[in-house]
Each structure stands twice: as structure tokens, then as C-alpha cells.
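Data first, discussion second: the structure below is written as C-alpha cells.
By convention in this document, chain letters (A, B, ...) are assigned in the order of the sequence lines, proteins followed by strands, and residues within each chain are numbered from 1.
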Amino acid sequence: MEIFVQLLINGVIAGGTYALAAVGYSMVYGALKFINFAHGSIAMVGAYIAFVLVTMADVPLVPAFLGSMLLTAGLGVMVERVAYRPLRRAPKLASLTTAIAVSFVLDAAVMIIMGADIRTFSLTGMRSYQIGPIYITPVQGAIILTSLVFMVGLYGLLTRTKLGKAIRAVADGISLAEVSGIDTNLIISAVFAIGSALAAASGALIGMDTNLQPTMGFIITVKAFAAVVLGGLGNVWGAVVGAFLIGIVENTGVWFIPPVWKDSIAYGILILALFLRPSGIFGKKEEAQVTVL
Amino acid sequence: MKHRALALWIALLVVGALAVSFITPAPLAAEEPQVYKVGFISHLTGDAAVYGQSLKMGTELAVDVINEAGGINGVPVEVIYEDDRLSAADAQTAFLKLVETDKVPVILGSASSTISLSLCPKAQEKKVVQVSQVSTAPALKDCGPYFFSVMASDTAQGPEWVKVAEYLGVKEAAVMYINNDYGIGVKDTFVQAFEAAGGKLLIVQPFELGGKDFRTEVLKVKGTNPPVVFIVDHVAEASIVFKQAAELGLKTQWVTDVSIVSPEVPQLAGKEAVEGIMGLRAGSSQTPEYQAFREAFLKKFGKEPTIWADFAYDAMMLVAKAIEKGGYTADGIQKALFEVAETYVGPSGAKKFDEYGISQGSYEWVVVKDGEWVLYEKAPSATETPSATETAQ
Amino acid sequence: MELALVVHLLVVITIYGILAISLNLVVGATGLFNLGHAAFYGIGAYTSALLVKAGVPWLLAVLASMAMAGFVAFIIGIPTLRLVGDYLAVVTMGLGEITRAVFKNWISLTRGPMGLPGIPHASILGIEFDTADKYLILGIICLLITFVVAERILYSPFGRVLKGIREDEAAVQALGKNTYRYKMAVLVVGSAMAGLAGSLFAHYITFIDPSSFVMWLTFFIFLIIVLGGLGNNLGAVVVTVVFVALREGLRFVGLPLWLNPAALQQLIFGILLIIATIFVPRGLIPERKVVYE
């Protein structure tokens, strides 16, 4: 029984990291109806920036974490400007292509600059604590805490600030938002900034909990994507629920099934859920009409 | 419409064929080459890049040593490095480029047994010598006369683990293995040998290459309360397993295979997580040859020898010696390799080949003390492993 | 002689060309966002390899593997073709990964991660295609057949419906067409073609393992058809030639080792793609407009 609780906690931890990435993904999708396949690579860059700050610039952990979020936000804005904005009126598949190309570029660039070796943060004092039957490390606790804090913060941002309102307006309909005088370009940049910052948080936390590799981005993209769709496209909170669900099911599922099926479990749940509820758990019915091109 | 498209397509092909015939260079006059070129194929990018890059460093060191001593009969040697991206199809392309364009008679590679297996038939067909530094799948021995491996076959690790189990006095054990050809191979030989010796397996738990989260797998193993866990794995995943095992409170005696005995593992997993872990190390780190190699490596790269760099070094040295003795042709190298290996002792040990071109090997037992792999002082004296032919399934 | 390398690359081009054309039918013409295409490639490869190893004549095995791929596509199509756009994308991606997990795990059949070595060469009526030169002829024939079939489909009334579905499915349905049937048909045909490519691949490289059928491959083909112009098969083939030549040609550009040439190739590739996509979003060779009298 206690093992089951541990599995659950592990699932929540994994879900927390997916959630941070999924939220950014979902926001971008909501605003632009665009699947940013480079999202995981951006998260990876965030992880590496935090790593460099901590190990080479001797910046303490928390400032490095925040600094990485800031810098990665800048990267996200730049990527949008350079690679996505010119294609806003082009067929959707063109943006998809560029997104994939951007992920190639980011992955390769990091590999050249940082090398292909695996790196770790080598944080001292990383023992785990036993709370009852459960083992948890400070980083894992931080993951759960951070995801919650950022979720709450994001909620506040989206519902109580002017920026948030503008973002939601753009998500509802970009042309309408433009007509009502919103500087959509600015809002879109803001969305990318926030999304990328959260991705960086996700990447950095994953890096602290396990390790860093230039190829770690792809899996983050895939899991985040699945979480977003499971929760209902364009629904940010749905993405969060989706992420935690995937994390929990993965970790508990592997108990019974050989690990080679781990990713398949996540997909299987996703497919089943979509089959039963075609627009995702929280998706609105109209969302299902979105086509690709 | 349809005809126009077809015509265009055929035109493209014709143009392509013409272009090809123009860029094909005139055949070289048969003269002494200015440099001896040797090919190298391994995973330089992607998930397993740590191994390919490490082998590359070992090879580079050997090339330095050879060329500083004046090269082979006065001719310098040059290695052309190609990336197989851990894909059989890409390895083929790399192979063809090396053989057709660079015209090498010998290729070092690959690291992965799967890739080496996929390259081998082509090497036999094109009559190119293939010297793998660390591929150890048992199937490789049947590949053909042009294939060599300087590392002993996987079939030897299982029985060595049984020896460790006997030494530790355990009759029950758990096994964790990485789900690829290497992991499955070692796992199978161990399971067979252990059960034959009367041992009982508590759990045989696989886990996936490229995974980042093995907590559930660790918990399953923990649930069986094993006194010893034998683990066959690669550097990236192993460091995560050890780290998470420590976090989850799994207390046991770990015994690893050869591919985890690398300085990265204690670094990545954290000192506390790996203290006291035992492992097998292919070759021997106590010999004067290894010490000399280690110093040269430190001098050139500024760090301790990375995993299997010593094997890469020896592979390159053997090839150089074979060129020296047999000439710069595939057949000459192939014959000469057997001869030069008879008496060669390098940083990774004695490299005498059996009739299949697979090296003999021995293992030493190592343990992690204070964050580093060191020799396990209390091990029974090192023994020669049986040759690949004797333990072949 | 360098010729052998060029011949090898041409064979690879024919195989990828068939894959590109097959994906072009499904995605390019019909707008079905199928991210799991590599799975059908894999099914074709494994089916063909296993059958020929068991003694079945190659020609029969190829037809069987095409049928198998088409059949699996049919099964997958039943639940998924009701989904649209991005949902379809993630479901097909998931199914692709699940299929790969099956390859990896069904060890008794596929030898899992260890792969299937020693696949016999293709042979028709006693002529064995054991050298690259002979294989090139086989490849070109298959490519031409695929090309002709695809073009006939696209420039027929059936094809017009497909493109209608891509542009506006609701309108096509309003015209009384059962779009589900059309989508299913094209999915099955496209997947069968992918199966053909898989069979060619297996008997050429004579070794297959699950790592040959990863999602990255699907992305690669996606990029090809986008740049070649969606629905434009000639464009797809031309871009295939360019891509394969680029990807392998960069091996010849002698780059200093410390720059990590392999990652550098990926970087340059990615940057070129971004530039190309931005300046030619509709593909390098736009689709020929069908003119009605």
C-alpha cells in the first residue's frame, strides 16, 4: 500500500514538470492556433542556462533558476519574431515545419556549445527525506511547489490583469482582438515570453532532478503535447490536469507492465479519452473544428 | 500532364547520371600514399554520443603517439571520423563514404553491437577490415574473417558475475537490465549461469534506453528485498537509477557490468548514491601500460581516461602495427592483425585474437570509494576468462 | 569509385521518395495530419523481412506487407478519422509510438531491440537484387509506379474530393460526399505505399531494428512534402533528392573536428530549412492549379 502512495507521489512529481511545459504550450496554441514543436527544445535551453549559471558563474540556485526563466523568455520572443511571425498567414504546415527546424537548430547549437555529454547540477546535500513511508528529495518537493505557485500566479495573471485579459482576447479570436485596438504582436510576444519562461522552469527542474542532455527536449515536447490535447486544446487548466494525469498513470502503470510500454500508456490513455470525448477532457465542442491547414 | 511529369523525372535522372559521371575523379595512379587513412564510424551525436566521443578521444591519442614517433614507416596516419547517429542506415552511408570516397582499407567501429552487426556483412562484401573497439555481441564471431573486436564477448560477463555472487555468498539476487541487445545479452548469460549454479532470481527487471524516470522500476526491485542487485546498463541511465534508488531508500549491494565503470557515473549520480557499488572492469588498470596511457590522456585532454578510451587506443595501435607489417591493403591488414595481436599488450590488456578475431579478455573487480572507481582489493586473483568459443551458446 | 556512394544515395532517395509521395497523399492532398506514418513504413519492413526469411518469394512478401500496412491503417482509421486536426496529430503520433513499442517488445517475433539481421535480398523470378546498382533499378521502378499511381489518384474526381476535404471538409460534406470513406481510402492507400517503401528498405539494408522507425523520420518526410509543395508529388521527389544530398553531402565538407561536424550538419540543415520555409511557404514548386473549362 505504501508503495502505491510512493508511486502516486512520483506521478505527481513527474506531472508537475510536464504541467509547467504543457501550460506554455497550451498558451501558445490558444493564442496562435499553432503547435510549437520547438517548445521542448526551449525547455532544454532553459535547463542548460540554469546549469551554466550555477556551475560556471557560481550563481546561487534560486537566482539562477529565475535568471534562466528570464533569459529563456527572451529566447522565446526572439524565436517567434524570427521564425514564426513571417509565417503567420502561411499554411499551418509551414509553421509546423519551421518549428521542427527551430528545434533542430536549438538542439544542435547546444550540443556544439556544451558538448554531448550528460551533465548534472551536482547539488550538495541532496539526500532524500522520509515522510512516513514516502521518500522525497528537496528538488522534488520544489517541483511540486513551483508548479503550484506558477499555476496560481498564471491564473492570477490571466484573470486579474489587463495583460491577461488581452491574452484571452487574442486567444478567442485574433482578428477581433486587433479590431478592438489590442496590439496583437505585443501580446503574442508576451505569450511566448511567459510560455518559454515556464518551459525553462520545467527544463531546469527536470535537469536538477535527473540530468541534462541536449536531446532531452523532444520527450518534453511529446509529453507536453499529449497533456495539452488530453486536457482539451486551448484550455490551459485542462493541460495541467492532463499533465498530472499522464504523470500518475505512467508511474503507476509501469508497476504492472514492462517499462517499454511506458510512453504507450500515456498515449493509450490519451487515445481512449479522445475516443470517448473527442475534444479532450475540458475542450469546448467548437475547438474540435480546428483544422490544420 | 502525367507524361510531362514523367518526362521531367526522367530528365532529372539523366542529368543526375551525367553529373555523376563528370564528378567521378580519374583513377589515381598507383603511387605510395602520402598519408595512411583509416576510417572510424561511431555514434558521435545523439543519445549514446558519450561512448562514440570517448572512443574518438582514445583514437586521437593513439594517432598522436604514432605520428610523433614518425608515423608508420615514415608515413603519417590520419583517421576520418564519421557519425553513424546510432542508426543502421546512416552507418551504411558512412561506411560507403569511407570506402568509396576515402578508400580506406580498414575501419574502426562501431561501438554499438547492433550497428557493428549491420555493417559487418557489407564489410565482408567489400573486403574491408572492420575492427570494433567494444562491440561484444556473441553473434559477431560468426560475421566473417574481416571482423575483429578488441573486447571480449558478452558471454564472459555473466559467469564473472556468478563468481562475484559466490564471493559475496549470496544465493538470491535481483537483476536490472537495459532493454537493448547488449543488456539482454548480458542478462541472459548471467541468468543461465546463475541458475545453473543454484542461484535464485528474485526479479528480472528491464528498463528503457533514454528514460529519465526509473522510480517505479526501482520500487519493484526494492519490494523483493534483494541482498544483491546485478545491473547491466549504460552511463546515462545507470546514474539516474543509482540516484533514484538512493532517494527511494533501496539498500543493497550493487554489482555492475563493464559499461558503467566510468568516472561519469559517480559524478552524475552523486557520491553518496554510489558509495560501495561493485563492478567489473574490462582489462586492467594496474598495469604499467595503462598507467602510461592514463598520463598521456590526462596530458592531452585534461581529464581521466573516459570509458573504453583505452580500447580505442589499442584498436588504433593494432591497426597501425598491422599496416606496418602487412601493408596498406585490406588483406594485408587482416592477416597481420592476428600476428601483431599475439604479443601486443596495451592499456586495455593483452589483445590476442581467437580464430574468430575476437579478443580474449579478463576482468578486474572494482568498487566505488569516495566517488571514484578503484580496484577491489579483496577480490580473488584475476582469472583469464574462457574464450568466446568455449562459452558460446 | 565515388559512383557506388552516389548509387547508394540514389537508392535511399527512391525509398524516401516513395515515403514522401505516400505521405503527400495522406497529408498533402487530404490534410490528414498523420504523425504516425513511420509506423506503416516499419510494418511493411518487418512483415516483408519476416515473410521472406520464412521462405516466401519476395514479390508475394511485398504485396503482403503492403496489404498488412493498409490493413493496420484501416483498423487505426476507424476511431481516428473522426477526429480533426491537432487531435488526429497526437493520436497518430501515439499510435506510431505504440507500434514501435510493439516492434521493440515482441521479441519472439521481431527480436526486439536486437533487430533482424540477415534479411535476404529482394528477388523476382530468380533475378536477385544483391548489388546497389540492381537495387537502384528496382527502386526507380517502384518509385515510378508509385508516382504514376499517386498522380492518377490526385488528378481524378476522387482526388478533387480529397483536396476539397483539405480545404473545407464541411463544404464537401454539404455536397453529399461521405468524407469518412474518402479519408479512409486515402489513408489505406498511402499506408500501403509506405509499406512498400519499408519492404524496399528492409531488403536493401538487410538489417532492421526499431530505431529505424522513429518519429524523427516522420518529421523528416513531413519537411520534405511541405517544402516540395503539399500535394505536389514531383516537388516532393525533387526535395527528397535535395535533402538526402544535403544531409549526406555535408559529410564531405571538411570541417574541423572540435566543431562537432555531425551536430553542425544538423544546425546548418535546420537554419536552411527555416530560411527556405519563410521564403517559400507554399513549397518550392507550387501545386499546379487544375483548370476547368
Ranking B:Gly52, B:Pro206, B:Ala269, B:Ser239 by heavy-atom pairs under 4.5 Å to chain A gives rank one to B:Pro206
Here the pair of heavy atoms bringing A:Val254 nearest to B:Thr216 is C-CG2, 3.9 Å
Can you tell me which portion of A:Ile219 sits under 4.5 Å from chain B's heavy atoms? Options are side chain, backbone, both or neither. side chain
Distance-minimising heavy-atom pair for A:Pro259 and B:Phe207: CG-CA, 4.0 Å
Between B:Ala246 and chain A, which part of the residue has a heavy atom less than 4.5 Å away: side chain, backbone, both or neither? backbone
Given B:Leu219, which partner from the list A:Phe4, A:Trp255, A:Tyr135 fulfils the side-chain contact (heavy atoms from CB on, under 4.5 Å) test? A:Trp255
Going through the checks in order, is the side chain to side chain contact (heavy atoms under 4.5 Å, CB included) test met by A:Gln140 and B:Arg215? CA-CA 12 Å; A:Gln140 291 162 353; B:Arg215 283 184 261 255; 2.3 Å; yes
Steps toward side chain to side chain contact (heavy atoms under 4.5 Å, CB included) verdict (B:Lys212, A:Met216): CA-CA 9 Å; B:Lys212 282 216 176 281; A:Met216 67 196 266; 3.9 Å; yes
Let me confirm one number: the CD1-OG1 distance from B:Ile240 to A:Thr120, rounded to the nearest 0.5 Å. 10.5 Å
Return yes when atom CD of B:Glu372 has more than 12 non-hydrogen atoms of other residues, nucleotides or ligands closer than 6.0 Å, and no otherwise. no
Quick one: CD on A:Glu250 to CG on B:Asp213, what's the gap to the nearest 0.5 Å? 7.5 Å
Name the region of B:Lys271, side chain, backbone, both or neither, that has any atom closer than 4.5 Å to a heavy atom of chain A. neither
At a 4.5 Å cut-off on heavy atoms, which part of B:Gln267 comes close to chain A: side chain, backbone, both, or neither? backbone
Chain B interface, residue from A:Leu7, A:Ile13, A:Thr252 that has the most non-hydrogen pairs under 4.5 Å: A:Leu7
When you measure from the side chain of B:Lys243 to the backbone of A:Asp209, do you find a donor-acceptor pair of N or O atoms at a distance under 3.5 Å? yes
Distance (rounded to the nearest 0.5 Å) between B:Phe214 CZ and A:Thr210 OG1: 9.5 Å
Give the minimum heavy-atom separation between A:Arg119 and B:Leu268, together with the two atoms involved. C-CD2, 3.8 Å
